[in-house]
Structures are given as structure tokens and as C-alpha cells.
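Have a look at the structure below before the remarks.
Count residues from 1 along the sequence.
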Amino acid sequence: MHLLWQAVVRFFWFVSSFQTWPISCAILVASEDAPESPLLTEVEYICRWLVVSTGENAECVTPDIEELAEFGGDVMHVCDYKSGEKLKGKKVLVVGCGNSGMEVSLDLSNHDAHHPWWFVHVLPREILGKSTFELAVLMMKWLPLWLVDKLLLIMAWLVLGSIEKYGLKRPSVGPMQLKNTKGKTPVLDIGALEKIKSGGITVVPAIKRFLRGQVELENGGKLDIDSVVLATGYRSNVPSWLQEGEFFSKNGFPRASFPDGWKGNSGLYAVGFTRRGLSGASSDATRIAQDIGRVWKEETKQKKRTTACHRRCISQF
């Protein structure tokens, strides 16, 4: 196995006449004269199989919010967030309340940044000393999905109490069903909920638009803020570099749903697009390895050589 670092894939395409996948990419190559200043070099490779494993969250999603450019303050996506130290004492708005939004809000609160926050399933990280996801996966082996969701929500209520009174509205779809259908992971609380209950984090309604140094909410209220952190999630970037439209759809996911979305045509595979976390990726990877191994053995199988049998001819005179 040869790993290629510091490379950016430009695009892939399939050449049917040769049954291969050429890849065009840009690689940083250090020169002998100036090793500290590597040059960007275009390189093309050719491969027999293509396994797309860039995943469900390859690039950040920046929402199209009205007049965000006119806000005037600092705006960053959560992928660029390092620490709340630089935002200490500022009024920060965290847009989005998934796992990233919850953890950033908690970190900002710990750094004394004053901020509000924005339907989310909040689950305890552990239930009776066991990982919540481990418990959910175990129950899904024996129980239907709707019942697992019902039990998880009951246990979450027993551990965390009611979260609706703090402005956190739960979706109508259960946490595991939402994960399987939409790929949205339930929030595992690591301390942010306690900050919300104590007032360290304020939950606010959805955003209508941004003004100069302010944000207007859907309920008509306005907040003075200094900075915005967009915890608005990620998406697949496959359509931007893979020139193929049969196996992958426009949203960057295989058209076929789990467990049939791992194999396309002409040596094209996908791993990590099941919306089922590591268990789904493991299932895909195992099937892909077995399939490529089978094809490789068939293509390299040595045919039995037939050796001509020469009989000695004896002539008598």
C-alpha cells in the first residue's frame, strides 16, 4: 500500500475502452533548490478500481442567510474553530445545535463568552454506565427501530429531564430513525445542557436575518452580537470531482440505500455513505474487500497449460 499525502483530487472519470479510472490531482512537491517552498504539480494516475471513501461530511455547509455579509463582525464555520480564548468576553451567536454546536457553546461558556444559541435530540452520553450508542446498537439487534427510539427517549427523559422547557424542541422522528434516514447524529450531552439550565447558554429561536452588529430572530426579537460561529454541518463533495451520474446522486450519496449502496459499475465502490456510522462503514469495507479480492483472483487465475504429448515414432525397414 502506498499513501499519497498533500494531494488534491481534481476529478475522476471512467474510460470504458480501457476499463480504467484515470485520476487528475495536484500534489505539493518540494524542489531541491527550495525544499521549504513546495510547488503544486499536476499528476495523473490510472487505476483499475475506485473506492470512494470521502464520507458524508467532506466539506462544510454554509447556509444562505439573508444579509450575513452586512453583519460586519467575525463569522467563522465551526470547522475553523479552535478555542474560545479569542472570543472571551464577546457576544457570540452559535448557529446550529448539533454535536458541534453543543460542544462549541460549552467551550465558549467556559471561556466567559456571552452567547445565545439556536429541533434536536439530546441524549446522555452514558446510560447506566454504558455508552448510549452502544446500548442503542445492542437493542437494534433484537428490537424494531421505533421501539428502540421510544426506549431511548424514555431513558433520556429519566436522566436529563424535560429539555423542551429550555427551548430545545425534539424532532417528530426518533433519534435512531433520524440517523438512519437523514444521517443526523443525536447530540450526546457532555455538559452543555447543564449550562443551558443554569443560564450560561441561552437558546434562541431561528434566525430571520442579520443586521449591522445584530441578528433578527423569527419571533421579531433582536440581539446585539459581536461574532457568529456557524455550526451548520457538513456534506458530501463527491459531485465536485467524480464525473459519474449513475451510481452517485446529486447530493453525493449512492442512489441505492443501505445495504446495497456499496457497489457501482466498472470497479466503482463507496464506503462510509450509509448514515450508520462506523458499523455501516465496516459493512461496506468488508464487502468491497471481498469483491475486489474475488475479481482479482478471477482475472489472475492461471489457466492450465496443455503440454503437447510427442510420441516416439519407431520405423522398421
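- With salt bridges taken as basic N to acidic carboxylate O contacts below 4.0 Å, one links R235 and E59.
- Within a 6.0 Å sphere centred on CH2 of W13, heavy atoms belonging to other residues, nucleotides or ligands number more than 12.
- Using a 4.5 Å heavy-atom cutoff, the side chains of P175 and L153 are in contact.
- Residues V204 and V75 are members of one and the same hydrophobic cluster, defined by side-chain heavy-atom contacts under 4.5 angstrom among Ile, Leu, Val, Met, Phe, Trp and Tyr.
- Neither L211 nor L223 shares a network with the other; the hydrophobic side chains, linked directly or stepwise wherever heavy atoms of I, L, V, M, F, W or Y lie under 4.5 Å apart, form separate groups for each.
- Linking ILVMFWY side-chain heavy atoms closer than 4.5 Å, directly or via other members, places V51 and V238 in two distinct hydrophobic clusters.
- With rounding to the nearest 0.5 Å, the separation of CG in D260 from CZ in R255 is 15.5 Å.
- One distance of note links CD of E194 with OG of S109; it measures 11.0 Å at 0.5 Å rounding.
- For the pair V271/V52, no side-chain contact is recorded, criterion being any heavy-atom separation below 4.5 Å from C-beta on.
- What you find for V94 and A231 is that their closest heavy atoms are CG1-CB, 4.2 Å.
- Interatomic distance, CZ of F14 versus CG of L268, reported as 9.5 Å (0.5 Å rounding).
- By the 4.5 Å heavy-atom criterion applied to side chains, V78 and L230 are not counted as neighbours.
- The salt bridge (Lys or Arg N to Asp or Glu O under 4.0 Å) test applied to E42 returns R10, not counting sequence neighbours.
- Using a 4.5 Å heavy-atom cutoff, the side chains of Y81 and M76 are in contact.
- In summary, the aromatic rings of F273 and F248 are positioned with their centroids under 6.0 Å apart.
- Ring centroid separation for the pair F11 and W241 does not come in under the 6.0 Å cut-off.
- For E244 (side chain) and E246 (main-chain N/O), a donor-acceptor pair under 3.5 Å exists by modelled atom type.
- Between V148 and W142 the shortest side-chain heavy-atom distance does not fall below 4.5 Å.
- Considering CG of L93 and OG of S227, their distance stands at 10.0 Å, rounded to 0.5 Å.
- The backbone N or O of K91 lies less than 3.5 Å from a partner atom in the side chain of D226, making a donor-acceptor pair.
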Under the side-chain contact (heavy atoms from CB on, under 4.5 Å) criterion, do R276 and F258 qualify, and how do the steps go?
CA-CA 9 Å; R276 282 169 167 76; F258 182 83; 3.5 Å; yes
Check the pair T286, Q290 against side-chain contact (heavy atoms from CB on, under 4.5 Å), reporting the backbone distance first and the verdict last.
CA-CA 6 Å; T286 301; Q290 291 173 347; 3.7 Å; yes
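- How far CD of E103 is from CG of L188: 9.0 Å, rounded to the nearest 0.5 Å.
- Remark: side-chain polar atoms of T232 are paired, donor with acceptor, to backbone N or O of V61 under 3.5 angstrom.
- Under the 3.5 Å distance criterion, with hydrogens and angles disregarded, a donor-acceptor pair is assigned to the side chains of D291 and Y269.
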Between V92 and V228, does a side-chain contact (heavy atoms from CB on, under 4.5 Å) hold up when you go through it step by step?
CA-CA 6 Å; V92 185; V228 176; over 6 Å; no
What do the steps show when you test S83 against H111 for side-chain contact (heavy atoms from CB on, under 4.5 Å), and what is the final call?
CA-CA 9 Å; S83 168; H111 283 89; 3.7 Å; yes
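- Using a 4.5 Å heavy-atom threshold, the side chains of F12 and S24 count as separate.
- A salt bridge does not link K208 with E218: every distance from a Lys NZ or Arg NE/NH1/NH2 to an Asp or Glu carboxylate oxygen is 4.0 Å or more.
- Figure legend: cation-pi geometry between R275 and F253, with NZ or CZ positioned under 6.0 Å from the six-membered ring centre and within 45° of its axis.
- Within the 3.5 Å criterion, the main-chain N or O of Q177 finds a donor-acceptor partner in the side chain of D149.
- Between S236 and E56, every side-chain heavy-atom pair lies at or beyond the 4.5 Å cut-off.
- Hydrophobic cluster membership differs between L145 and V137, with clusters built from Ile, Leu, Val, Met, Phe, Trp and Tyr side chains linked at under 4.5 angstrom.
- Within 6.0 Å of the NZ atom in K88, the count of heavy atoms belonging to other residues, nucleotides or ligands does not exceed 12.
- There is a path of hydrophobic side-chain contacts, each under 4.5 Å, that joins W146 to M140.
- Nearest heavy atom pair, residue G84 against residue D107, reads N-OD2, 2.9 Å.
- Counted within 6.0 Å of CG on L278, heavy atoms from surrounding residues, nucleotides or ligands total 12 or fewer; the atom is thus considered open.
- Between V9 and I23, the closest side-chain pair of non-hydrogen atoms falls below 4.5 Å.
- The distance from the CG atom of N110 to the NZ atom of K195 is 4.5 Å, given to the nearest 0.5 Å.
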